[in-house]
Number of protein chains: 2
Amino acid sequence: MASSPAAPDATPPDRPDRRSRRRQETIEEILDLAVEVMTEAGVNGLSLSEVARRLGVQPPSLYKYFPSLMAVYDAIFERGMAEMLAVMHEAMDAQPPGLQSLVAGLDANGRWCLEHPVVAQLLFWRPVPSFEPSPQAFAFSGEMVDVQRAALADAVAAGELGPGAATEEGVCLVSIMIAGSLSQAMANEPGNTWGTGRFSPLFPKLVALLPAAYPPD
Amino acid sequence: MASSPAAPDATPPDRPDRRSRRRQETIEEILDLAVEVMTEAGVNGLSLSEVARRLGVQPPSLYKYFPSLMAVYDAIFERGMAEMLAVMHEAMDAQPPGLQSLVAGLDANGRWCLEHPVVAQLLFWRPVPSFEPSPQAFAFSGEMVDVQRAALADAVAAGELGPGAATEEGVCLVSIMIAGSLSQAMANEPGNTWGTGRFSPLFPKLVALLPAAYPPD
DNA sequence: GTCTATAGCCTGATAGAC
DNA sequence: GTCTATCAGGCTATAGAC
């Protein structure tokens with residue numbers, strides 16, 4: 001009673017916020033621990049009981065936050081996609097449009113993936129056959145493709161590449177370059193960061209071949 | 001007694017052969033079923049009980065053939081590597097040495113991987129953290145790299161590529177091209193065969209860029 | 001939102017009879 | 001080489017008290 005002088009007869013307006021904020025923190029903590037477990041047991045080896053153990057609660061408590069194991073996978077998928085899209089956008093916006101922006105974005109992409117390898121596996125390989133990302137989680141994936149296509153179009157407009165680059169084929173070719181560099185780095189040199197090791201430093205060399213594939217007029 | 005007129009007092013010499021042949025057939029069948037289970041449950045979801053169920057025996061019986069679950073993974077790994085190396089060699093030998101041979105080998109490589117996707121995942125990604133291939137199984141991997149390096153050296157000797165191609169870097173660059181084409185095809189268009197879809201047909205286009213990366217004198 | 005308790009499964013692996 | 005029986009655990013998910 002005495003603690004709410006401004007609105008004594010109403011529910012304090014900040015209470016629900018604090019509760020939902022605390023709840024959101026718990027959710028983030030669960031996702032972080034889940035990624036930790038996946039790192040040790042494989043993407044497919046995620047166990048809610050193990051997450052509960054590390055969180056210091058009993059397994060049933062987790063079901064107040066996520067209705068099922070697959071919902072946890074989905075949340076990790078969505079959070080990962082959003083995070084990667086964010087670092088990619090940030091890196092691209094710091095560069096002039098066109099090839100430079102594209103390379104900067106893909107570079108940030110690679111860096112993030114090597115820093116979050118199991119999440120990257122969940123995003124780009126399909127190690128859990130029974131998990132299908134929800135439509136909204138998957139929508140991020142389309143947005144990533146759109147961003148790359150737009151950057152390629154900018155490069156064509158700037159005369160850096162020929163018109164063939166701003167096509168479905170061009171997008172696929174670029175995606176093969178980044179996916180190849182990444183998958184080789186992740187599988188063969190998991191300890192390395194982006195830019196070190198035998199594979200990821202070759203990515204710029206690959207991108208440098210784009211003008212040879214799509215020569216500007 | 002009456003059934004062995006030629007050698008009545010000796011162990012029939014073909015008996016042990018037949019037994020071990022039968023045993024080998026059972027082993028192959030177990031491996032085939034294990035791959036089937038992995039296809040449905042994920043590479044990490046292999047269960048010996050499920051394999052036993054499909055084979056029509058009780059789980060303990062499998063331990064007469066493999067001492068542990070990891071031994072089954074290892075056998076699948078080794079058999080897969082050997083098979084892929086074989087189709088690769090066969091394809092390369094049918095071509096003149098150099099770039100043509102290299103491309104034919106990697107093409108066969110891609111075809112085999114798309115036909116055996118879960119085995120390919122076991123070979124090239126690391127979806128089962130607790131599984132480490134045995135040294136002899138892993139040796140095949142080194143042989144594959146050697147073959148590619150030799151083909152690159154042939155290409156340099158034939159004047160198709162500049163000398164920089166016959167290096168560690170050249171091998172890594174080529175491996176990125178094939179790994180990228182493959183991983184994009186496997187992850188995004190799992191139903192397709194090699195040479196169809198949006199990604200794998202771009203592999204020749206990528207290889208065609210090699211002379212631009214390592215221009216011959 | 002946390003807990004206990006539990007249902008109803010699954011697993012890898014071993015012992016020992018036949 | 002097959003089986004039965006079993007150990008010793010694991011898991012997801014639910015019910016219901018507090």
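Fair warning: this is a prediction, and the values are worked out from it, not measured in the lab.
Between the A/Asp74 side chain and the A/Met70 main chain, no donor and acceptor come within less than 3.5 Å of each other. Judged by distance alone, with hydrogens and angles left aside, the side-chain atoms of A/Asp154 form no donor-acceptor pair with the main-chain N or O of A/Pro97 at under 3.5 Å. Under the 3.5 Å distance criterion, the side-chain polar atoms of A/Tyr65 are left unmatched by any main-chain donor or acceptor of A/Val72. In this structure, A/Gln148 contributes its side chain and A/Ser175 its backbone to no donor-acceptor pair below 3.5 Å. Put simply, the side chain of B/Asn44 never gets that close to the backbone of B/Val128: no donor and acceptor are under 3.5 Å apart. Remark: side-chain polar atoms of B/Ser101 are not paired, donor with acceptor, to backbone N or O of B/Gln95 under 3.5 angstrom.
Comparing B/Leu69 and B/Lys64 by the nucleotide of DNA chain C whose heavy atom lies nearest to each, the residue mapping closer to the 5' end is B/Leu69.
Note that the first and last nucleotides of DNA chain D, 5' to 3', having any atom under 4.0 angstrom from a heavy atom of chain B are D/dG1 to D/dA5.
If you check every strand for non-hydrogen atoms under 4.0 Å, A/Arg23 touches sugar and phosphate atoms only. Counting any heavy atom pair closer than 4.0 Å across all strands shown, B/Leu46 reaches sugar-phosphate atoms only and no base atom.
Atoms CG (B/Asn44) and C1' (C/dT11) sit 13 Å apart, rounded to a whole Å. Atom pair B/Tyr65:OH and C/dA13:C1' shows a separation of 18 Å (rounding to whole Å applied). Taking atom CG of residue B/Leu62 and atom P of nucleotide C/dT14, one finds them 13 Å apart after rounding to whole Å.
For the residue pair B/Trp125/A/Gln121, the side-chain donor-acceptor check at 3.5 Å is not satisfied.
Using a cut-off of 4.0 Å between Lys/Arg side-chain N and Asp/Glu carboxylate O, B/Arg54 and B/Glu50 are scored as salt-bridged.
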Atom pairs, protein N/O to nucleotides 6-10 of chain C N/O, distance under 3.5 Å:
none

